[in-house]
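Notes for the one structure printed next.
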Amino acid sequence: MFEVGVIEEAGVAEVALDPIRARLLALLVEPHSATSLAAIIGLPRQKVNYHLKILQAHGLVKLIEERRRGNVTERVLRAVAASFVISPSALSALQPDPARSPDRLSVRWLLAIAARLVTEVGALLGGAARVGRSATTFALDGSVRFASATDRAAFTRELTATITALASRYHDEHTPGGRDHRVIIAIHPSLRSDTAPQIDAGGNDTKES
């Protein structure tokens, strides 16, 4: 089982978003039969089995084993991933394009970059799985608390200069067999559950956490 599965087709996304099937997928992190699932969610076994067949037909669950119980063969299934992400490619005609609004300080541009990241990494994950290999990636996730918007702006300038210099040091356009890698650096205010973000007159979030 994969830790995260990426849904790249609109039809599969529609199947996964059905409330009953979404609940079944969550339960199928562990192997279950239609009978055991029916007892958990309080639906008839026949109805649960109907939804399981649809999930299996769209590649979201797989058969683990078949058990013979009297005159009935019990099918045990499990989800192909512990969790799922729907790639923007599932809505290919509507997915955001960073080139349409290349403003590095725009929230919408950041969302477009994030959507492209999910699309591209999802495609890498699927391709690697098909050939039985892993995709090599790297990510950093942390937080920094700024005392003021001035400090935040200074941090952004210094970060840009540092990353630009580092990339220039290692970038090689001419070596045979080299492969391009996308580098994404993003900064956004952390969400707080107790208060809503405060927006200043310039459209910038003024509450950090």
E30 and H32: side chain to side chain donor-acceptor pair (under 3.5 Å), yes or no, with the steps? CA-CA 6 Å; E30 301 293 336; H32 279 287; over 6 Å; no
Applying the 4.5 Å side-chain criterion to the ILVMFWY set and letting contacts propagate, would V61 and Y50 be lumped into a single cluster? yes
If the condition is side-chain hydrogen bond (donor to acceptor under 3.5 Å, both in side chains), which residues does T73 pass it with, not counting sequence neighbours? R68
Distance (rounded to the nearest 0.5 Å) between I187 CD1 and L110 CG: 10.0 Å
Determine all donor-acceptor pairs shorter than 3.5 Å in which one atom belongs to a side chain in residues 40-47; sequence neighbours excluded.
none

Quick one: salt bridge (Lys or Arg N to Asp or Glu O under 4.0 Å) partners of E74, sequence neighbours excluded? R67, R69
Is it the case that the side chains of Q56 and H58 hold a donor-acceptor pair, with the cut-off being a distance below 3.5 Å and no angle test? no
Under the ring pair (Phe, Tyr, Trp, His ring centres under 6.0 Å) test, residues paired with F155 that sit two or more places apart: F146
Could you list who else is in L124's hydrophobic cluster, with ILVMFWY side chains joined at under 4.5 Å, directly or through other members? none
Among Ile, Leu, Val, Met, Phe, Trp and Tyr joined by side-chain contacts under 4.5 Å, find the other residues sharing a cluster with L117 and list them by chain and number. W109, I113, V121, I184
Trace of the side-chain contact (heavy atoms from CB on, under 4.5 Å) decision for L28 with L60: CA-CA 10 Å; L28 284 167; L60 294 169; over 6 Å; no
On a heavy-atom basis, which atom in T119 and which in P88 lie closest, and how many Å separate them? OG1-CD, 3.4 Å
Interatomic spacing from CZ in R152 to CG in L159 - rounded to 0.5 Å: 14.0 Å
Partner residues of S148 under the side-chain contact (heavy atoms from CB on, under 4.5 Å) criterion, sequence neighbours left out: T150, D151
R116 and Q95: side chain to side chain donor-acceptor pair (under 3.5 Å), yes or no, with the steps? CA-CA 8 Å; R116 185 180 65 187; Q95 62 180 317; over 6 Å; no
The criterion is side-chain hydrogen bond (donor to acceptor under 3.5 Å, both in side chains); which residues satisfy it with S168, sequence neighbours excluded? none
Which atoms form the tightest heavy-atom contact between A115 and P96, and what is the distance? CB-CG, 3.5 Å
Which is it for I185 and T160 under the side-chain contact (heavy atoms from CB on, under 4.5 Å) test, yes or no, and what are the steps along the way? CA-CA 9 Å; I185 307 293; T160 300; over 6 Å; no
Table please: side-chain donor-acceptor pairs of residues 13-27 below 3.5 Å, with sequence neighbours left out.
residue, atom, partner, partner atom, Å
D18, OD2, I20, N, 3.1
D18, OD2, R21, N, 3.1
R21, NE, H51, ND1, 3.0

Do side-chain atoms of S36 reach the backbone of S33 as a donor and acceptor pair under 3.5 angstrom? yes
Any residue meeting side-chain hydrogen bond (donor to acceptor under 3.5 Å, both in side chains) with D180, in chain and number order, not counting sequence neighbours: none
Using a 3.5 Å cut-off and no angle test, enumerate the donor-acceptor pairs between side-chain atoms of residues 76-87 and protein atoms at least two apart in sequence or in another chain.
residue, atom, partner, partner atom, Å
S83, OG, E3, O, 3.0
S87, OG, S89, N, 3.1
S87, OG, S89, OG, 2.8

Looking at CZ of R179 and OG1 of T136, how far apart are the two atoms once the value is rounded to the nearest 0.5 Å? 9.0 Å
Once side-chain hydrogen bond (donor to acceptor under 3.5 Å, both in side chains) is applied, do any residues pair with H174, and if so which ones, sequence neighbours excluded? none
Is it the case that one hydrophobic cluster holds both L125 and V118, taking links as side-chain heavy atoms less than 4.5 Å apart, direct or via other members? no
